Amino acid sequence: MIIFRLGRIRAPQGPGVVLLLPFIDHWQRVDLRTRAFNVPPCKLTSKDGAVISMGADVQFRVWDPVLSVMMVKDLIAATRMTAQNAMTKTLVKKSLREIQVEKLRIGEQLLLEINDMTKSWGLEVDRVELSMEAVLQPPRENLVGPLGLDGTIQQLAAHFFNNTLALAGTDSMETVNEVEPPTAPLLTATVSAQRKPSMDELLSAVEPVLSEALVAQVGASYQVNIALPSGTRSTYFIDLSSGSGRAGHGMPEGSPDVILEVAEKDLQDLFLGDLRPLSAYVSGRLQVKGDLHLALKLEELIKAMKQRR
């Protein structure tokens, strides 16, 4: 039992009888036994283009009850999110065959990576067991053709395709269609690479796509803290929680559901469609404070902007 007396933490008490002072002591019970939780199956794309549904079972125990109470509010939710992110980052770099054959070794690797992040919470992961629910799409073996000039070109195309998927790390079926023949939007992206729009121009592009339908899809408000090349910071808000939505410069009204930290260049890439929210988060280019699921719903706004262009 962890006891806070007038807001100050005391040494762990128990097991056994513990004396508490009414109205002065606040306490929290910590279970030191080994516990387990599951990481729900999520869709991801492997290195060779296979789309799989992958989950995991995780066993853990608390070794420092004080840290487990002081450092994180919801221990299981935080550990589950950490395990899911580590699993996604690792599996998108491996082929389907590697995942199937080296499942035990990958689990051991994930155990070490997760423990590196959770040891400061007073928590130790004892076992990570991966479980493949289904192969939703087989590997794209036809990307690699026969030897010769044409085969070499196809191998280069496959290499580019796999690297794109590894960076995307997305959890939806949409990644399968990301490599397509160049079209007009690609030309637009090439032009935008020469002179990317300013933040005010991006804001003016956001406002016309705001609608009640978009608010119904997203249902969240965002505070976007942008790191400018000069070293200063600028704050914008995108409120898609009520009405037809609002966007502007400054702080949002009330508390935002999600706070995003991003560099100006990366935000420009996001709104131009050159970078996906999940890819930015996995690569560390997008910092999220709040619900990650709501943060990734920002892609609905980006899709609406693409359709308008």
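Below, all heavy atoms of this structure are taken into account, side chains as well, without hydrogens, waters or symmetry copies. Predicted model only: the values in this text are computed from it and were never measured.
At a threshold of 4.5 Å between side-chain heavy atoms, the hydrophobic network of Ile, Leu, Val, Met, Phe, Trp and Tyr places M81 and L296 in one connected group. By the rule that hydrophobic residues join a cluster once side-chain heavy atoms approach within less than 4.5 Å of another member, M117 and L123 end up as members of separate clusters. V101 and I106 are not part of a single hydrophobic cluster, where members link through side-chain heavy atoms under 4.5 Å apart. Hydrophobic clustering, with ILVMFWY side chains joined whenever heavy atoms are under 4.5 angstrom apart, groups L111 together with M132. Note: the hydrophobic cluster containing V18 does not contain I24 (ILVMFWY, side chain heavy atoms under 4.5 Å, direct or indirect links).
One distance of note links OG of S53 with NZ of K43; it measures 7.5 Å at 0.5 Å rounding. Interatomic distance, CZ of R105 versus NZ of K94, reported as 4.5 Å (0.5 Å rounding). The CD1 atom of I226 lies 9.0 Å from the CD atom of Q268; values are rounded to the nearest 0.5 Å. To the nearest 0.5 angstrom, F37 atom CZ is 10.5 Å from Q59 atom CD. Once rounded to the nearest 0.5 Å, the distance linking CZ of R35 with CZ of R61 reads 12.0 Å. For the atom pair NZ (K103) and CE (M54), the distance works out to 6.0 Å, reported to the nearest 0.5 Å.
Looking only at side-chain heavy atoms (C-beta outward), E124 and N115 come within less than 4.5 Å of each other. Taking 4.5 Å as the limit, every side-chain heavy atom of L286 sits out of range of all side-chain heavy atoms of D266. Taking 4.5 Å as the limit, every side-chain heavy atom of L67 sits out of range of all side-chain heavy atoms of S120. No side-chain heavy atom of K297 sits less than 4.5 Å from a side-chain heavy atom of V258. Between T45 and V92, every side-chain heavy-atom pair lies at or beyond the 4.5 Å cut-off. Two residues are said to be in side-chain contact when any heavy atoms from C-beta on lie closer than 4.5 Å; E253 and R246 meet this criterion. Side-chain atoms of L240 and L210, non-hydrogen and from C-beta on, do get closer than 4.5 Å to each other. A heavy-atom distance below 4.5 Å is not found between the side chains of M87 and V128.
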Show, in sequence, the C-alpha distance, side-chain angles and deciding distance for R233 and E261, and conclude whether the side chain to side chain contact (heavy atoms under 4.5 Å, CB included) test is met.
CA-CA 10 Å; R233 287 184 175 272; E261 303 274 351; 2.9 Å; yes
Side chain to side chain contact (heavy atoms under 4.5 Å, CB included) evaluation trace for V218 with I238:
CA-CA 11 Å; V218 179; I238 302 174; over 6 Å; no
Let me see the working for L298 and L260 under side chain to side chain contact (heavy atoms under 4.5 Å, CB included), right down to the final yes or no.
CA-CA 11 Å; L298 196 62; L260 305 175; 3.8 Å; yes
Can V66 and I9 be said to form a side chain to side chain contact (heavy atoms under 4.5 Å, CB included), step by step?
CA-CA 8 Å; V66 175; I9 195 167; 3.5 Å; yes
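More than 12 heavy atoms of other shown residues, nucleotides or ligands fall within 6.0 angstrom of atom CG in L112. At most 12 non-hydrogen atoms from other residues, nucleotides or ligands lie less than 6.0 angstrom from CG of L19. At most 12 heavy atoms of other shown residues, nucleotides or ligands fall within 6.0 angstrom of atom CZ in R97. Within 6.0 Å of CD in Q217 there are more than 12 heavy atoms belonging to other residues, nucleotides or ligands.
Listed here is the closest heavy atom pair of V39 and A83: CG2-CB, 4.0 Å. Considering all non-hydrogen atoms of both residues, A304 and V209 come closest at O-CG1, 3.9 Å. Here the shortest heavy-atom pairing between V72 and A78 reads CG2-CB, 3.5 Å. Of all the heavy atoms in A56 and S131, the pair that sits closest is N-OG, 3.8 Å. Residues S95 and D48 approach most closely at CB-OD2, 3.6 Å, considering heavy atoms. Taking all atoms of both residues into account, the shortest heavy-atom contact from E207 to A247 is OE2-O, 3.6 Å.
Between the side chain of S211 and the backbone N or O of L214, at least one donor-acceptor pair lies under 3.5 Å. Counting only distance, with no hydrogens or angles, the side chain of Y222 and the backbone of Y236 share no donor-acceptor pair below 3.5 Å. At least one donor-acceptor pair closer than 3.5 Å links the side chain of Q13 to the backbone N or O of A11. In this structure a side-chain-to-backbone donor-acceptor pair under 3.5 Å is present from D257 to S221. Here the side chain of D57 pairs no donor or acceptor atom with the backbone of E129 at under 3.5 angstrom.
A side-chain donor from one of Q223 and N225 sits under 3.5 Å from a side-chain acceptor of the other.
Under the rule for a side-chain contact (heavy atoms from CB on, under 4.5 Å), the partners of P40 that lie at least two apart in sequence or sit in another chain are R80.
Ionic pairing of K93 and E98 is not present here: no N-O contact between side-chain nitrogen and carboxylate oxygen is shorter than 4.0 angstrom.
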